[in-house]
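This report refers to the structure that appears directly beneath it.
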Amino acid sequence: MSDVDEIRTLIQRWAEAVHRGDLDAVVKDHADDIVMFDVPPPHRGVRGLDGYRATWPDFFELQRSGALFEIAELEVIAGNDVGFAYALLRCGRPTEDDPGVEPRLRLSLGLRRNGDRWEVAHEHHSFADTSVSPESAAQGAHVH
């Protein structure tokens with residue numbers, strides 16, 4: 001299996017574990033010194049595997065209420081020792097207006113090789129700022 005395929009499989013397993021609410025499987029392929037930037041605070045991120053683990057129980061409540069968490073698009077780039085992936089995920093509860101939940105969660109991952117396996121060293125989740133109209137955003141009216 002190629003490095004790209006290994007990373008793709010790791011991410012797909014992770015997303016399935018998140019959807020199931022399987023905390024041990026969610027943290028399995030993450031580095032002890034992971035840094036995660038998430039949608040909710042803290043704004044400086046969560047550092048370390050214990051902090052990362054602590055972020056998931058509240059989200060699992062949303063999953064149990066019937067929310068989706070599935071990869072819609074996934075791109076992976078891998079070198080010998082480091083890899084990078086970005087994805088769009090369907091994340092949220094289906095509604096009458098959006099029964100399939102359009103892809104809305106953005107995910108970026110930085111991975112590194114640790115011996116014979118890949119591990120996630122950085123994880124970043126974000127949602128687009130919907131307070132800005134698509135027309136304004138296309139004209140460059142956004143904050144970096």
Side-chain angles (χ1 to χ4, degrees), residues 1-79 81-138 142-144:
M1 183 180 299
S2 74
D3 290 329
V4 167
D5 290 335
E6 284 182 43
I7 292 171
R8 181 177 293 280
T9 299
L10 178 154
I11 295 168
Q12 290 168 332
R13 273 193 324 253
W14 169 83
E16 290 164 3
V18 169
H19 184 67
R20 289 191 317 271
D22 182 344
L23 184 57
D24 289 336
V26 168
V27 302
K28 178 182 181 229
D29 294 310
H30 287 68
D32 289 339
D33 61 347
I34 182 163
V35 175
M36 179 181 71
F37 298 140
D38 203 357
V39 174
H43 296 291
R44 292 185 45 79
V46 173
R47 291 149 199 272
L49 200 53
D50 289 340
Y52 179 78
R53 178 182 286 274
T55 66
W56 287 103
D58 289 341
F59 187 78
F60 292 158
E61 288 299 317
L62 175 67
Q63 289 303 116
R64 283 190 278 280
S65 74
L68 295 174
F69 192 86
E70 60 187 33
I71 296 170
E73 297 176 29
L74 174 61
E75 296 295 327
V76 176
I77 299 122
D81 298 326
V82 295
F84 175 76
Y86 55 93
L88 291 175
L89 288 88
R90 290 181 186 88
C91 179
R93 283 188 218 121
T95 65
E96 188 173 304
D97 292 334
D98 189 5
V101 182
E102 284 299 312
R104 54 180 98 167
L105 178 67
R106 300 176 299 190
L107 171 70
S108 299
L109 300 168
L111 300 97
R112 64 181 174 220
R113 185 169 286 289
N114 183 357
D116 64 349
R117 67 184 203 92
W118 288 98
E119 64 183 15
V120 178
H122 177 66
E123 187 172 317
H124 188 151
H125 311 158
S126 67
F127 288 103
D129 180 356
T130 58
S131 68
V132 177
S133 73
E135 295 80 19
S136 294
H142 56 278
V143 178
H144 290 277

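Everything numeric in this text was worked out from a predicted model, so none of it was measured. Quick note: residue numbers are just sequence positions, from 1.
Under the 4.5 Å side-chain criterion, counting only non-hydrogen atoms from C-beta, Phe60 is in contact with Leu23. Counting heavy atoms from C-beta on, the side chains of Trp118 and Leu109 never come closer than 4.5 Å. Looking only at side-chain heavy atoms (C-beta outward), Glu6 and Arg113 come within less than 4.5 Å of each other. Looking at heavy atoms from C-beta onward, Ile71 lies out of side-chain contact with Leu107 at the 4.5 angstrom threshold. Arg106 is not listed as a side-chain neighbour of Tyr86, based on a closest heavy-atom distance of 4.5 Å or more. For the pair Arg93 and Leu62, the minimum side-chain heavy-atom distance is below 4.5 Å.
Applying the side chain to side chain donor-acceptor pair (under 3.5 Å) rule to Ser108 yields no partners; only residues at least two apart in sequence or on another chain are considered. Residues passing the side chain to side chain donor-acceptor pair (under 3.5 Å) test with Asp32: none are found, sequence neighbours excluded.
In this structure, CD on Gln63 lies 6.0 Å from NE2 on His19, to the nearest 0.5 angstrom. In this structure, CZ in Arg20 is found 13.0 Å from CZ in Arg64, a value given to the nearest 0.5 Å. In this structure, NZ in Lys28 is found 8.0 Å from CG in Leu10, a value given to the nearest 0.5 Å. Atoms CZ and CD, on Arg90 and Glu73 in that order, are 8.5 Å from each other to the nearest 0.5 Å. Atom OG1 of Thr55 and atom CD of Glu123 lie 8.0 Å apart (nearest 0.5 Å).
Taking all atoms of both residues into account, the shortest heavy-atom contact from Pro103 to Ala72 is CG-CB, 3.6 Å. Of all the heavy atoms in Ala31 and Ala121, the pair that sits closest is CB-CA, 4.2 Å. Between Ala15 and Phe69, the shortest heavy-atom contact is O-CD2, 3.6 Å. Of all the heavy atoms in Ala87 and Leu74, the pair that sits closest is CB-CD1, 3.9 Å. Closest non-hydrogen pair, Ser126 versus Leu105, comes out as O-CD1, 3.5 Å. Across all non-hydrogen atoms, the minimal contact from Pro94 to Gly66 is CD-O, 3.5 Å.
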>> Before you tell me yes or no, could you show the steps for Tyr52 and Val27 under side chain to side chain contact (heavy atoms under 4.5 Å, CB included), namely the whole-Å CA-CA distance, both residues' side-chain angles and the distance that decides it to 0.1 Å?
In response: CA-CA 8 Å; Tyr52 179 78; Val27 302; 3.7 Å; yes
>> Working note: Leu111 + Val76, criterion side chain to side chain contact (heavy atoms under 4.5 Å, CB included); need CA distance, chi angles, decisive distance, verdict.
In response: CA-CA 10 Å; Leu111 300 97; Val76 176; over 6 Å; no
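Look at Arg53 and Asp24 and you find a salt bridge, because one of the NZ, NE, NH1 or NH2 atoms lies within 4.0 Å of a carboxylate O, short of that distance. Using a 4.0 Å cut-off between charged side-chain N and carboxylate O, Glu16 and Arg13 make no salt bridge.
More than 12 heavy atoms of other shown residues, nucleotides or ligands fall within 6.0 angstrom of atom CG in Asp5.
Side-chain atoms of Asn114 never come within 3.5 Å of backbone atoms of Arg117 as a donor-acceptor pair (strictly under, hydrogens ignored).
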Throw together a table of side-chain donor-acceptor distances under 3.5 angstrom for residues 35-47, partners on residues two or more places apart or in other chains.
residue, atom, partner, partner atom, Å
Asp38, OD1, His125, ND1, 2.8
Arg47, NE, Arg44, O, 3.3
Arg47, NH2, Arg44, O, 2.7

